[in-house]
Amino acid sequence: MRAIRLASVALLGAGALALAAPAAVAAQSGERGTHSFGFKVSPTTVAAGDDVTLDVWGCETEVKVFSAAFDPMVIPKGENSATATVGWDAEPGVQEVTFQCGKDYGTKDLTVEAEEPVRDESRTYADKGVKAGAGGTFAGFDVGDIGLGLALVAGSVGAAYHWSHRRTADEDSNCPGHNWR
């Protein structure tokens with residue numbers, strides 16, 4: 001009976017790890033959607049007014065590209081790339097870029113950096129403060145870190161289960177012959 005419980009805990013932990021891995025990889029690459037074609041945005045971090053290159057491959061029709069960072073555009077059938085200019089009014093932070101090929105679509109993340117404030121040279125500013133990341137993304141995480149975290153959680157749950165169901169010597173002596181009522 002104890003082996004069955006241990007096997008169940010091990011299988012649940014392995015299942016949680018297996019289910020979390022694809023989500024971690026997708027979150028890390030910033031790619032989502034249901035697509036049978038390839039697409040890329042480069043560079044992935046820009047400032048307002050910068051150009052981005054939009055590459056597509058494996059689509060037999062025109063590709064429509066949408067984003068809050070730039071005006072909608074179409075990459076004609078037979079062409080593999082286009083250039084878009086990020087608008088001056090683009091919101092800083094992570095913006096989705098959606099590629100649509102027929103009924104298939106997919107998205108990539110594009111990070112729009114905030115404008116640097118103009119410094120008043122007559123005043124001295126201290127270079128202190130928080131060093132912020134990519135604005136709510138999973139930047140810096142990798143599948144190994146997430147897997148290790150899940151393994152630690154699964155181990156804790158298994159240990160808690162084991163210790164909560166462990167009988168003491170006093171409990172065994174009160175039940176001679178393990179007769180349960």
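Because the structure is predicted, anything quoted here is derived from the model rather than measured. Here, residue 1 is the first one in the sequence, and each next residue gets the next number. Any value given below was found using the heavy atoms of this structure, including those in side chains, with hydrogens, waters and symmetry copies removed.
- Qualifying side chain to side chain contact (heavy atoms under 4.5 Å, CB included) partners for T45, counting only residues two or more places apart in sequence or in other chains: T111, E113.
- For residues 44-115, the disulfide (SG to SG under 2.5 Å) pairs, not counting sequence neighbours, are C59-C101.
- Taking every heavy atom of both residues into account, D104 and S36 meet most closely at OD2-OG, 2.6 Å.
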* Going through the checks in order, is the side-chain contact (heavy atoms from CB on, under 4.5 Å) test met by V97 and D109? -> CA-CA 6 Å; V97 178; D109 289 340; over 6 Å; no
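- Sorted by first and then second residue, the pairs that involve residues 76-103 and meet ring-ring contact (aromatic ring centres under 6.0 Å, His included), not counting sequence neighbours, are F39-F99.
- The side-chain hydrogen bond (donor to acceptor under 3.5 Å, both in side chains) contacts involving residues 46-57 comprise D51-T85, where partners must be two or more places apart or lie in separate chains.
- A pairwise comparison of heavy atoms in K40 and K108 identifies CA-CE, 4.4 Å as the closest pair.
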Quick one: side chains of residues 60-84, donor-acceptor pairs under 3.5 Å with protein atoms, not counting sequence neighbours, listed by atom name and distance.
residue: S67; atom: OG; partner: A69; partner atom: N; Å: 3.1
residue: S67; atom: OG; partner: E96; partner atom: O; Å: 3.0

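- Checked by atom type and distance alone, the side chain of Q100 pairs as donor or acceptor with a backbone atom of G102 at under 3.5 Å.
- In this structure, V112 and A48 approach most closely via the heavy-atom pair CG1-N, 4.4 Å.
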